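This structure is a prediction, so every number in the text was calculated from the model and none was measured.
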Amino acid sequence: MANQPAAAKTAITPRRDEDFPEWYQQLIRAAELAEPSDVRGCMVIRPWGYGIWENMQRRLDAMFKATGHVNAYFPLFIPLSYMQKEAEHVEGFAKECAVVTHHRLDIGPDGKMRPAPSAELSEPLVVRPTSETIIGATYAKWVQSYRDLPILINQWCNVVRWEMRPRIFLRTTEFLWQEGHTVHESEAEAREETKRMLDVYETFVRDYVAVPVFTGEKSESERFPGAVQTLCIEAMVQDRKAIQAGTSHFLGQNFSRASGIQFQTRDGKQEFGWTTSWGMSTRMIGTLIMAHADDDGLVLPPRIAPTQIVIMPITPKEETRAAVLEAAEKLAAELRRVSYAGAPVEVQVDRRDLGGGVKSWEWIKKGVPIRVELGPRDLESGNVAVTRRDQPVKSKEFLLTADFVSRAAAMLESIQQNLFDRAKEFRDANTRTIDTKEEFYDFFTPKKADKPEIHGGFALAHWNGSREVEEQIKADLKVTIRCIPFGASEAGTCPFSGAPSPQRVVWAKSY
RNA sequence: CGGGGUGUAGCUUAGCUUGGUAGAGCGCCUGGUUUGGGACCAGGAGGUCGCAGGUUCGAAUCCUGUCACCCCGACCA
């Protein structure tokens, strides 16, 4: 039975509740998002997955521009000595750096290619794990006066962090991201920028990826190496774990001191600049998958979907084939004249000569928001058969073609909203306020130790601010503080230490 | 990097204990019938059984090493 997909009840095997990590991998393959490559820890992002990334880029980039940022590009290679400039920073990244030591290959005594011993670099180059240091060195040259500030630059690029345990989109050795790097005249302005960009991420994830997040600050132990303060957005995915979906760092003067970013102030003094950095990566695709996908495949929020509506012409008879195809193209053209979320609706006509079922399931697995079937019978009745991906797979609504066209944008938006509502409902249902150590430990302990079921969630519990408590809980339960939320100032008692606590924090197992 | 597991066709896998030279389902190709929710018939292609040694007349099968992947732990976006 297991090897007869035709008999399977769901398109993805195993189901989420059977084996979540395996489901995740199977889904990525079934939806043709990405695949493992021959290079350990690195992935091939396939066109459908890359299309999602392009949409994320497009939307985020527009938001960066709207907040006054511009794009630039800095080198992939960072001189080793630059990495050493900021003590905490080196320490944080040293264990996961790829290092380039040679600039030429030759043939060795055994007849095989090797890095030419005569071509060793005088200073090794680190493949950027992040670009604070090399951008800092550049900014140091650009900044002389307060008049040169602020600098508000972003770059879209790849970075490399050598990973022990890669998982596609969530943790790969090479990944794509954007990193914003800014310099400001004052601490207040830099802190404001840090918060502003966190808000951009929150808005983006909410309005486009349709995922609700907690926003707040990281505890010291989870902070970016070298940062004074790390802000983050934390989402919950369907196995109830937390995933950090974006971070924004206030770097104080740590990096400007390390890189020599100095300027003359309004009153003629020399001061180090106040810097920030902020990033969001292809991990967001993994977040999207785990937040919305179901046992039949991916479910895409319309605003991020590379194709929002797929039209499947049904051509059972040769006599009607041409007419159906023509009607399909005509419908596509009409839909493309519809505007949704500030752009023409993305429509695709799937003319491939495949069995109707096979074709439908392909698009179900890929998560296209709306599927439309158009056949000879519809030509006579003036209908189209419409199925929403957020509704059961077999549900089908027959609409007059003109009605569908006029309602398409609203339907897409309804799906977008529904996905957000579902994700929020799920998160809220699995977020619990906890006041005792017993309940906390119970919440995060699976019933079946040998094969843990999906359990836990977010726990809102008090914390006295001590690192010992954090470490003990991490050691006992693998649960960490995901963020110290903004604006929650309810004082109480830390259930772990009995000490006073200024506020509740968000605890969870995480990716 | 430590513990556990798995490597047989694109995918899922049988065969391994008890050595005798590889089989299935799905997918793929060709032709035909089909097509409104994972079609059917007929024919066909595709595997140095992860890799390297060893034992043996003979290895997918036994032994050693090695590599990759997955799960758990430490680290992280």
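- Distance Glu373(A) CD to G38(B) C1': 13 Å, rounded to the nearest Å.
- Taking for each of Ser360(A) and Arg29(A) the nucleotide of RNA chain B with the nearest heavy atom, the 5'-most of the two is the partner of Arg29(A).
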Which pairs would a plain distance check flag for residues 370-378 of chain A, meaning a side-chain donor or acceptor within less than 3.5 Å of a matching protein atom at least two apart in sequence or in another chain?
residue, atom, partner, partner atom, Å
Arg371(A), NH2, Val393(A), O, 3.3
Glu373(A), OE1, Lys396(A), NZ, 3.1
Asp378(A), OD2, Gly375(A), N, 2.8

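- When the P atom of U34(B) is taken as reference, atom NZ of Lys359(A) falls 18 Å away, rounded to whole Å.
- Taking 4.0 Å as the cut-off between side-chain N and carboxylate O, Arg29(A) and Glu35(A) do not count as a salt-bridged pair.
- For the C1' atoms, the distance from C1(B) to C75(B) is 10 Å, rounded to whole Å.
- A gap of 28 Å separates the P atoms of C72(B) and U64(B), to the nearest Å.
- C26(B) atom P lies 19 Å from atom CD1 of Ile12(A), rounded to whole Å.
- Gly375(A) comes within contact range of at least one nucleobase, with a heavy-atom separation under 4.0 Å.
- Atom CG in Leu198(A) sits 11.5 Å away from atom OG1 in Thr276(A) (nearest 0.5 Å).
- U21(B) and A68(B): their P atoms are spaced 33 Å apart (whole Å).
- Atom CH2 in Trp361(A) sits roughly 11 Å away from atom P in A39(B) (whole-Å rounding).
- Gln26(A) places its CD atom 17 Å from the P atom of C69(B), with the value rounded to the nearest Å.
- The aromatic ring centres of Phe443(A) and Trp507(A) sit 6.0 Å or more apart.
- A ring pair (Phe, Tyr, Trp, His ring centres under 6.0 Å) check over residues 378-402 of chain A, counting only residues at least two apart or in different chains, returns nothing.
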Could you write out each protein N or O paired with an N or O of nucleotides 43-46 of chain B at a distance under 3.5 Å?
none

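- Here the separation of C69(B) from C51(B), taken at their C1' atoms, is 14 Å to the nearest Å.
- Counting non-hydrogen atoms under 4.0 angstrom, Arg371(A) reaches a base of the nucleic acid.
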For each nucleotide in nucleotides 70-77 of chain B, reading 5' to 3', give B when a protein heavy atom comes within less than 4.0 Å of its base, S when such contact involves only the sugar-phosphate, and - otherwise. SSBBBBBB
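- Comment: Arg351(A) engages Glu329(A) in a salt bridge, judged by a side-chain N to carboxylate O separation of less than 4.0 angstrom.
- Straight-line distance between the C1' atoms of A45(B) and U56(B): roughly 35 Å, to the nearest whole Å.
- Applying a 4.0 Å cut-off to non-hydrogen atoms, the residues of residues 307-316 of chain A that approach RNA chain B are Ile314(A), Thr315(A), Pro316(A), listed by residue number.
- Residue Ile135(A) holds its CD1 atom at 10.5 Å from OG1 of Thr275(A), rounded to the nearest 0.5 Å.
- Listed by first and then second residue, the side-chain hydrogen bond (donor to acceptor under 3.5 Å, both in side chains) pairs involving residues 469-479 of chain A are Ser219(A)-Glu470(A), Ser221(A)-Glu470(A), Tyr441(A)-Asp476(A), Gln472(A)-Asp476(A) (not counting sequence neighbours).
- Note that Lys195(A) lies outside the cation-pi zone of Phe250(A), set by a 6.0 Å cut-off to the ring centre and a 45° limit from the axis.
- With Tyr208(A) as the aromatic partner, Arg59(A) does not meet the cation-pi criteria of under 6.0 angstrom to the ring centre and within 45 degrees of the ring axis.
- The nucleotide whose nearest atom lies closest to any side-chain atom of Val358(A) is, among A39(B), G36(B), G37(B), A39(B).
- Within residues 440-447 of chain A, no residue has a heavy atom under 4.0 Å from RNA chain B.
- Taking the C1' atom of each, C71(B) and C57(B) are spaced 43 Å apart, rounded to whole Å.
- Atom CD in Glu362(A) sits about 17 Å away from atom P in G37(B), given to the nearest Å.
- Distance, Asp353(A) CG to U30(B) P: 12 Å, rounded to whole Å.
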Let me check I have this right: for RNA chain B, each base becomes ., (, ), [, ] or |, based on Watson-Crick or G-U pairs with both distances under 3.5 Å. What is the full string? (((((((..((((......[..)))).((((((.....)))))).....(((((..]....))))))))))))....
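- Applying the side-chain hydrogen bond (donor to acceptor under 3.5 Å, both in side chains) rule to pairs touching residues 227-245 of chain A yields Arg16(A)-Gln238(A), Arg191(A)-Gln229(A), Glu217(A)-Gln229(A), Lys218(A)-Glu234(A), Lys218(A)-Gln244(A), Thr230(A)-His249(A), Glu234(A)-Arg482(A), Asp239(A)-Tyr511(A), Arg240(A)-Asn430(A), sequence neighbours excluded.
- For the side chain to side chain contact (heavy atoms under 4.5 Å, CB included) test, residues two or more places apart in sequence or in another chain that qualify with Ala34(A) are Ile28(A), Ile168(A), Phe169(A).
- Note on Thr130(A): nothing from the nucleic acid sits closer than 4.0 angstrom, heavy atoms only.
- Nucleotides G10(B) and U55(B) are separated by 35 Å at their C1' atoms, to the nearest Å.
- Glu318(A) places its CD atom 12 Å from the C1' atom of U35(B), with the value rounded to the nearest Å.
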Test Lys330(A) against Glu334(A) for salt bridge (charged side-chain N to carboxylate O under 4.0 Å, His left out), laying out the working first. CA-CA 6 Å; Lys330(A) 181 164 168 272; Glu334(A) 283 172 27; 3.5 Å; yes
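- The residue Val393(A) sits close to a base: some heavy atom pair falls under 4.0 Å.
- For the residue pair Ser131(A) and Gln155(A), a side-chain donor N or O sits within less than 3.5 Å of a side-chain acceptor on the partner.
- Judged as a side chain to side chain contact (heavy atoms under 4.5 Å, CB included), and not counting sequence neighbours, Asp442(A) has no contacts.
- Between His181(A) and Phe74(A), the ring center distance fails the sub-6.0 Å criterion.
- Every residue two or more places apart in sequence or in another chain that forms a side chain to side chain contact (heavy atoms under 4.5 Å, CB included) with Ala293(A) is listed here: Trp23(A), Leu27(A), Ile289(A), Leu298(A).
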